[in-house]
Structure formats: structure tokens, C-alpha cells
Amino acid sequence: MSDVLGLDYPKEECGVLGVSGIGSDAARTTFFGLYALQHRGQEAAGIAVSDGRAIRVHKAQGLVSQAFNDEKLEPLVGGMAIGHTRYSTTGANSDRNVQPYVVETMHGPLAIAHNGNLVNADQLRSKLLERGAGLQSSSDSEVLALMLAATEGETWEDRLAAVMPQWQGAFSLVILCAGKVIATRDPWGFRPLSIGRLASGGHVVASETGALQTVGCDIIREIEPGEIVVMQGQVARSHQGMKPNSTQARCTFEHVYFSRPDAVWDGKSIHQVRQRLGAELAKQHPVDADIVLPVPDSSMPAAVGYAAESGITYTEGFVKNRYIGRTFIEPTDELRRQGVALKFNTLPDNLFGKRVVMVDDSIVRGTTAGPLVRLLRDAGAAEVHVRITCPPIAHPCFFGVDMGTHEELIAHQLGVPEICDHIGADSLGYLSLQKMMAAIGRDDGYCNACFTGSYPVPVQLSLMSSKQRFDGVLG
Ligand code: AMP
């Protein structure tokens with residue numbers, strides 16, 4: 001996918017990780033941590049490491065296991081590292097946008113890895129170009145790195161605090177300079193970032209707490225919106241770089257779909273939240289049925305919750321090939337449709353003659369649900385009732401989850417009865433916004449723009465239309 005400059009248009013739903021105070025092999029810990037964040041980005045992976053003087057980096061297209069092996073890890077010597085898994089849905093990939101982004105500055109080397117999306121990146125990029133900066137990629141991270149390098153301040157954390165107010169939108173960042181790792185979150189708190197302590201005394205920050213567990217950390221807590229954490233050797237210090245925004249905007253979709261079920265987000269276990277989403281769904285959209293089954297894997301806890309609340313037997317109807325990757329990665333609708341069939345087989349013995357409730361977390365473009373309903377019917381299901389654990393997604397996300405454009409979102413084009421017809425289900429029920437928030441256990445503090453169209457940070461019309469142009473032309 002290219003923009004008008006011929007550059008790739010980046011999708012920034014990603015995983016980030018930073019490690020400090022861990023002998024000379026921070027890269028290996030980062031590697032295993034990135035494995036645990038693989039679901040947040042399968043397009044590319046990278047690790048930058050510092051030995052206190054120089055920064056070395058290796059990054060490549062593909063899964064973490066494809067980007068790295070012993071040979072690639074061996075030269076990455078040092079006790080501080082940052083890593084990144086990059087997500088993309090459609091279009092061409094480019095090495096230029098693979099992170100961490102590394103730059104030489106007058107204050108020494110700097111590497112940056114970013115999860116999120118700035119809504120004013122285009123203006124910031126133009127300002128840099130006007131000042132004569134040469135930009136190599138279309139990635140927000142390069143803009144962040146160059147702005148940081150050009151800001152006055154004694155230390156990197158001073159410069160970060162000085163420049164942060166100019167960044168509008170979502171950023172969970174890990175930054176590596178020669179002598180420390182710095183982590184921060186935007187003042188709205190859009191995307192997650194947590195910190196943990198290693199038994200050996202070092203610290204790790206990661207997009208999800210599951211990655212902290214994987215590398216053997218005790219989880220300390222979430223990094224707060226606007227907080228700056230500086231990890232130097234085995235010491236981690238923190239201060240508020242910016243006041244948290246009065247309206248917080250955590251991403252609801254992390255609960256619904258994106259995070260792993262072992263993550264804790266906003267103090268809530270994602271697994272428990274998903275069970276409650278399923279239970280609320282059973283209350284809001286009950287149906288006479290024989291079995292409840294999930295679309296694996298993300299909907300399993302929700303289907304368990306639906307079954308427990310409704311008293312309908314939980315079983316499995318799909319077997320998923322876990323090695324085929326997300327269907328979202330395929331670039332065209334046609335390939336996406338093939339992807340669904342490539343990805344799932346059915347268990348006809350469980351399905352034949354049964355009235356089925358199929359629970360899924362979301363319908364986005366509407367290309368997955370229809371083929372799944374067909375697979376169930378082909379396997380002999382007598383009825384298929386589809387239940388979705390969030391409201392209809394009718395608006396694009398500008399803060400880091402690639403939902404597609406207005407045109408691509410089926411709920412922007414069609415009402416619920418039409419979507420039900422489109423996917424060929426006997427009935428379709430979406431969880432309401434109110435019930436979804438009840439399951440999460442919060443009244444406010446969340447970004448629900450993809451459901452409501454009400455964006456917590458003003459999104460300029462130009463961005464809306466440019467996103468539509470990029471995705472419309474190239475998606
Ligand atoms: P769609 O065919 O576009 O309606 O895709 C919906 C399916 O993709 C659901 O089964 C979700 O579990 C999954 N999904 C939802 N959002 C995303 C996303 N941003 N990236 C990848 N997969 C997603």
C-alpha cells in the first residue's frame with residue numbers, strides 16, 4: 001500500500017517491549033517477549049540493543065521466528081534493548097517502516113518503537129520537512145524520533161516531556177538511548193503498556209502483561225497515561241511527563257479482541273472481561289439452541305460466559321489451523337474469504353442437526369462471519385444464531401487498530417437485519433454499548449469511537465478522507 005509519495009502507509013497496531021538491567025543479553029529476553037506479542041503484529045519484527053555506548057539493530061519482515069535466529073541475535077550484545085512487532089492488514093510491506101527506528105543525533109544514538117497512531121502526524125511531518133529534515137519512511141516513529149532529537153533539554157526524558165504535548169493521538173513508546181530505556185504513554189491512555197521486575201533485578205516494559213510473565217517478570221503495574229519511566233541499569237524511576245488528559249480514552253477493543261486473554265488491561269483480566277461479555281450477550285440476546293460454540297481463539301472465553309449464563313451446552317464446532325495466520329493479513333477480500341476456509345475445519349459430529357449459537361468478538365468488514373455460518377450449515381447445523389460481543393463497528397479507528405474505512409465497514413453500510421441476511425444467519429445479536437461497558441466494569445474512560453463515531457481527539461476531515469483515499473485506492 002503506498003501513499004501519494006510512493007511510501008507505505010503504515011498501520012500501527014503493534015507490540016512494543018523494552019528491557020533494562022539484564023547482563024549483556026537483553027536481546028534474547030526481548031526476543032522471547034516479542035514472541036508473546038506476536039499476535040499484535042505479524043508483518044515485521046525488530047530489536048535494538050545498547051551496550052552503553054552504541055546501538056545495534058536487527059529488523060526484518062515476517063514473524064519473530066522468521067526475523068530472528070541465533071546468528072541474528074548473537075551480535076546484539078548489551079544489557080538494554082527495545083523490540084517491536086509490526087502489524088499490517090493490507091498492501092505492500094516496506095523495510096523502511098520496520099521498527100525500531102534508529103537515528104544518530106547530536107546527543108548520541110536513539111532508537112524508538114511505537115504502538116499507536118498520531119492524528120496530527122502529517123502536520124508534524126510537514127513541519128519537519130519545512131525545517132529541512134530528510135524523512136526516509138512514512139512511519140510516525142521517524143517523526144517522533146526526529147522531533148525528539150531536535151528538542152531542547154538536558155536529558156532524553158526532559159526532551160520527551162517537552163515534545164509530548166505536540167503529539168496528538170495514541171502513543172505507547174519505548175525509547176532506547178546509549179545509557180537507558182525510556183517508556184511512556186500518551187495522556188489519553190489509548191494503548192496499553194505495563195512494567196514488571198525480573199528476579200535478577202532488571203525491568204521490562206511491554207504492551208501486554210502476558211509478555212512480562214513470559215520473560216519471568218513480577219508484574220508491577222500499568223504505566224500511567226502521560227507518565228515517563230526511565231530505566232537505567234537495574235533502577236527504574238518514574239515521573240509524570242504530562243498531566244493525564246481529563247478524559248481518558250483506553251481502547252475498548254483491547255478487551256474485546258486485540259489483547260491476549262492473559263493480559264490485565266486497566267486493572268481487569270481480559271479473560272474475565274470476555275466471559276462477562278458473553279454472559280451479558282446471553283442476557284441481551286437469548287435464543288433457544290442446543291449448543292454454544294466460539295469462533296476460536298479470541299471468542300472462547302465469551303462463548304464459555306454465554307453458555308454458563310444461558311445454560312446451553314458449550315462445545316466446539318471449529319478446529320482452527322493456528323499456523324495459517326490471521327485472515328486479516330490477506331490483501332484482498334477474495335483471499336480473505338479463502339483464508340477463512342483455509343483456517344477452519346468443522347466437527348460435523350458436534351454439529352449435525354443442532355441449533356447452534358456461534359459467538360464471535362466482532363464483525364468488521366463482514367467477510368469472516370458469512371463463510372463461517374456456511375461451514376456450520378455444510379456440517380449439518382439446523383440453525384445458526386450469531387452473537388457478537390461488541391456493538392456494530394461503523395467507524396474507522398485513527399488510534400491504532402486497523403478497522404478499515406467507512407466504506408469497508410459492513411455496519412457503516414448495512415443495518416443489523418441486512419447484515420444478518422448478508423452472513424446467512426438465522427438471527428444476529430450484537431451486545432449494546434451499555435452492556436459492553438457493564439461487562440468491562442467501567443462507565444467512562446474508554447474510547448468507543450469505532451462504535452459511536454465520537455472521537456476523543458478531534459480527527460481532521462483531511463485525515464478521514466486521506467485514510468479513505470489510502471485504503472480505498474490501495475486496500
Ligand atoms: P471481518 O471479516 O472483517 O468482519 O473480521 C472479523 C473477524 O476478524 C473476527 O472474527 C475478529 O475476531 C477478527 N478481527 C477483528 N478485528 C480485527 C483486527 N483489527 N485485525 C485482525 N482481525 C480482527
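Note that ligands are numbered from 1 as they come in the structure, with each ligand's atoms numbered from 1 the same way. Side chains are part of it too, since the values below use all heavy atoms of this structure and drop only hydrogens, waters and symmetry mates.
For ligand 1, the atoms lying closer than 4.0 Å to a non-hydrogen atom of Ile363 are 4 (O). Distances below 4.0 Å separate heavy atoms of Arg365 from the following atoms of ligand 1: 1 (P), 3 (O), 4 (O). Contact atoms of ligand 1 toward Asp402: 19 (N) (distance under 4.0 Å to a heavy atom of the residue). Annotation for ligand 1: atoms under 4.0 Å from non-hydrogen atoms of Ser362 are 6 (C), 9 (C), 11 (C), 15 (C). Near Tyr87, meaning under 4.0 Å from any of its heavy atoms, are these atoms of ligand 1: 18 (C), 19 (N), 20 (N), 21 (C). For ligand 1, the atoms closer than 4.0 angstrom to any heavy atom of Thr367 are 1 (P), 2 (O), 3 (O), 4 (O). Residue contact check: Phe253 has heavy atoms under 4.0 Å from atoms 15 (C), 16 (N) of ligand 1. Close approach to Ser298 involves these atoms of ligand 1, each under 4.0 Å from a residue heavy atom: 12 (O).
The closest side-chain heavy-atom distance from Val356 to Leu293 is below 4.5 Å.
Looking at Val401 against ligand 1, only its side chain comes within 4.0 Å, counting heavy atoms.
Ring-centre distance between Phe253 and Phe399: not below the 6.0 Å cut-off. In this structure, the ring of Phe68 has its center less than 6.0 angstrom from the ring center of His58. Taking the centre of each ring, His255 and Tyr446 come in below the 6.0 Å mark.
Residue Thr368 holds the heavy atom nearest to atom 2 (O) of ligand 1 of all those in Thr368, Leu372, Ile423.
The salt bridge (Lys or Arg N to Asp or Glu O under 4.0 Å) test applied to Glu208 returns Arg40, not counting sequence neighbours.
A donor-acceptor pair under 3.5 Å is formed between the side chain of Asp186 and the backbone N or O of Trp188.
Heavy atoms of Asp360 come nearer than 4.0 angstrom to ligand 1 in at least one pair.
Residue-to-ligand polar distances place Gly366 within reach of ligand 1: an N/O pair is separated by less than 3.5 Å. At a 3.5 angstrom cut-off on N or O pairs, Val364 counts as close to ligand 1.
Residues Leu431 and Met436 approach most closely at CD2-CA, 3.7 Å, considering heavy atoms.
For the side chain to side chain donor-acceptor pair (under 3.5 Å) condition, the pairs that include at least one residue of residues 420-431, sequence neighbours left out, are Arg377-Asp426, His385-Ser427, Arg387-Ser427.
Crowding of Lys354 atom NZ: a count of heavy atoms from other residues, nucleotides or ligands under 6.0 Å exceeding 12.
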